[in-house]
Amino acid sequence: VQIGSALVDMYAKCGCIIDARNVFDNLSQRNVITWSTMITGCIQHALYDDAFQLFDSMQEQGIEPNEVTFLSTLKACAIQGNIEQGWRLHARVILSGLGAHTAVGNALIDMYSAWQSHQDTCAVFQRMQKRDVVSWTSMIGMYTQDDALGLEGISYYGKMKEDGIQPNPITYGYVLKLMSSMAALEQGREIHACIIEGGMESTDIICNALIDVYSRCGRLMDAFLTFERVHRKTLSTWSALLMACARHGDYLLALEIFTDMLSSGLKPDDVVFLCLLSACKSVTESCRHFKSMRDDHGIIPRPEHHNSMVDVLGHAGCLDEAEDLLESNHFGGN
RNA sequence: AAGUAACGUCG
């Protein structure tokens, strides 16, 4: 059974979900782990219907889902916004006696938060018996969805510390995001001090968040200094810096950054181009990058890219061209 | 042998 489960897992993680399924179907012995592995594999490949069919079949065959099974199926409901299935799972969690399981509770928080059901999220959180970093961090994360709720998010950060739970870089990533959206500078400094105290000031996730904070405060230099400290620069890192240039109105600098990024070997994605386009001031530059994105990098323009172009055209006073572009934009952007 | 929060654009 163990070998079988491991095989299914291996194929699923290699991206061969078909092979995983073949192995799974041909196994003579399957336990909860085998089923959960297969279900998780399907979910990672966005095969949600298959996942839930398997979830039903396993029970028909007398195998009860355990906490791990619930963790991945709840996540699937969160991602696809499958409300009926999510409620059903929540009920099943309670029936299975897993109502007090911390990780399962966290998955529920995350699901309701992804659905934007504020009430349900809070209800689950309050009923939890043991809350860990993930529970608190997920709550704080929920409050980053809406700028108006920033203060509430910060209050969770305070309560978390009172509760003796140590925030981690992910927590601080969210907290910094809240701070910058509220433009709370003094509080931001306090947080920064805590981050340094915790020895987390050089973790990539925090640096990426800091680049953003600095750029919103107009501190381009600090954004750059932070950028230098990032060990593994990802697309997020680069686009945060591109946005910093864009906010600063420095197209040439953005272009230089973009070129550096290309020579570092990373492949730009649609978001990187959005940032670059938002730094463009002239129609020629903007068109050039737009075409290069589509033709050289094979990225299908989204409505947002067109909108970015429309902005530049508008600023340049080319209203007719802007209108043409808007009309050719069939994706419903404005 | 399976598992929950993870940083960038606009939203």
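Everything numeric here is computed off the predicted structure, so don't read it as measured data. First the proteins, then the strands, lettered A, B, ... as listed; each starts at 1.
In this structure, A:Ala103 reaches the bases: a heavy-atom distance under 4.0 Å links it to at least one base atom across the strands shown. Base contact: A:Asn31 has a heavy atom under 4.0 Å from a base atom. Using a 4.0 Å heavy-atom cutoff across all strands shown, A:Thr137 reaches at least one base atom of the nucleic acid. Counting non-hydrogen atoms under 4.0 angstrom, A:Ser239 reaches a base of the nucleic acid. Here A:Asp132 lies out of heavy-atom contact (under 4.0 Å) with every strand. At the heavy-atom level, A:Tyr174 lies under 4.0 Å from the strands shown only through sugar-phosphate atoms. Contacts of A:Val272 with the nucleic acid, taken as non-hydrogen atoms under 4.0 Å apart, include base atoms.
For the ring pair (Phe, Tyr, Trp, His ring centres under 6.0 Å) test, residues two or more places apart in sequence or in another chain that qualify with A:His90 are A:Tyr112. Looking at residues two or more places apart in sequence or on another chain, you find no ring pair (Phe, Tyr, Trp, His ring centres under 6.0 Å) involving A:Tyr11. Qualifying side chain to side chain donor-acceptor pair (under 3.5 Å) partners for A:Arg127, counting only residues two or more places apart in sequence or in other chains: none. Considering only residues two or more places apart in sequence or on other chains, A:Phe227 meets the ring pair (Phe, Tyr, Trp, His ring centres under 6.0 Å) condition with A:Trp238. Among residues two or more places apart in sequence or in another chain, the side chain to side chain donor-acceptor pair (under 3.5 Å) test is passed with A:His45 by none. Every residue meeting the side chain to side chain donor-acceptor pair (under 3.5 Å) condition with A:Arg247, not counting sequence neighbours, appears here in chain and number order: A:Ser215. A:Gln53 is linked by a side chain to side chain donor-acceptor pair (under 3.5 Å) to nothing, counting only residues two or more places apart in sequence or in another chain. Not counting sequence neighbours, the partners of A:His118 by the ring pair (Phe, Tyr, Trp, His ring centres under 6.0 Å) test are A:Tyr143.
Not a single donor-acceptor pair under 3.5 Å links the side chain of A:Asp9 to the backbone N or O of A:Thr37.
With a cutoff of under 4.0 Å to any heavy atom of chain A, the contacted region of RNA chain B is bounded 5' to 3' by B:A1 to B:C10.
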Just distance, no hydrogens or angles: give the donor-acceptor pairs under 3.5 Å from side chains in residues 172-190 of chain A, sequence neighbours left out.
{"residue": "A:Tyr172", "atom": "OH", "partner": "A:Tyr157", "partner atom": "OH", "Å": "3.3"}
{"residue": "A:Ser180", "atom": "OG", "partner": "A:Lys177", "partner atom": "O", "Å": "3.2"}
{"residue": "A:Ser181", "atom": "OG", "partner": "A:Leu178", "partner atom": "O", "Å": "3.0"}

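A ring-ring contact (aromatic ring centres under 6.0 Å, His included) with A:Phe273 is found for exactly one of A:His306, A:His305, A:His297, namely A:His297.
Within residues 224-235 of chain A, the residues having any heavy atom under 4.0 Å from RNA chain B are, by residue number, A:Thr234, A:Leu235. Within residues 14-28 of chain A, no residue has a heavy atom under 4.0 Å from RNA chain B.
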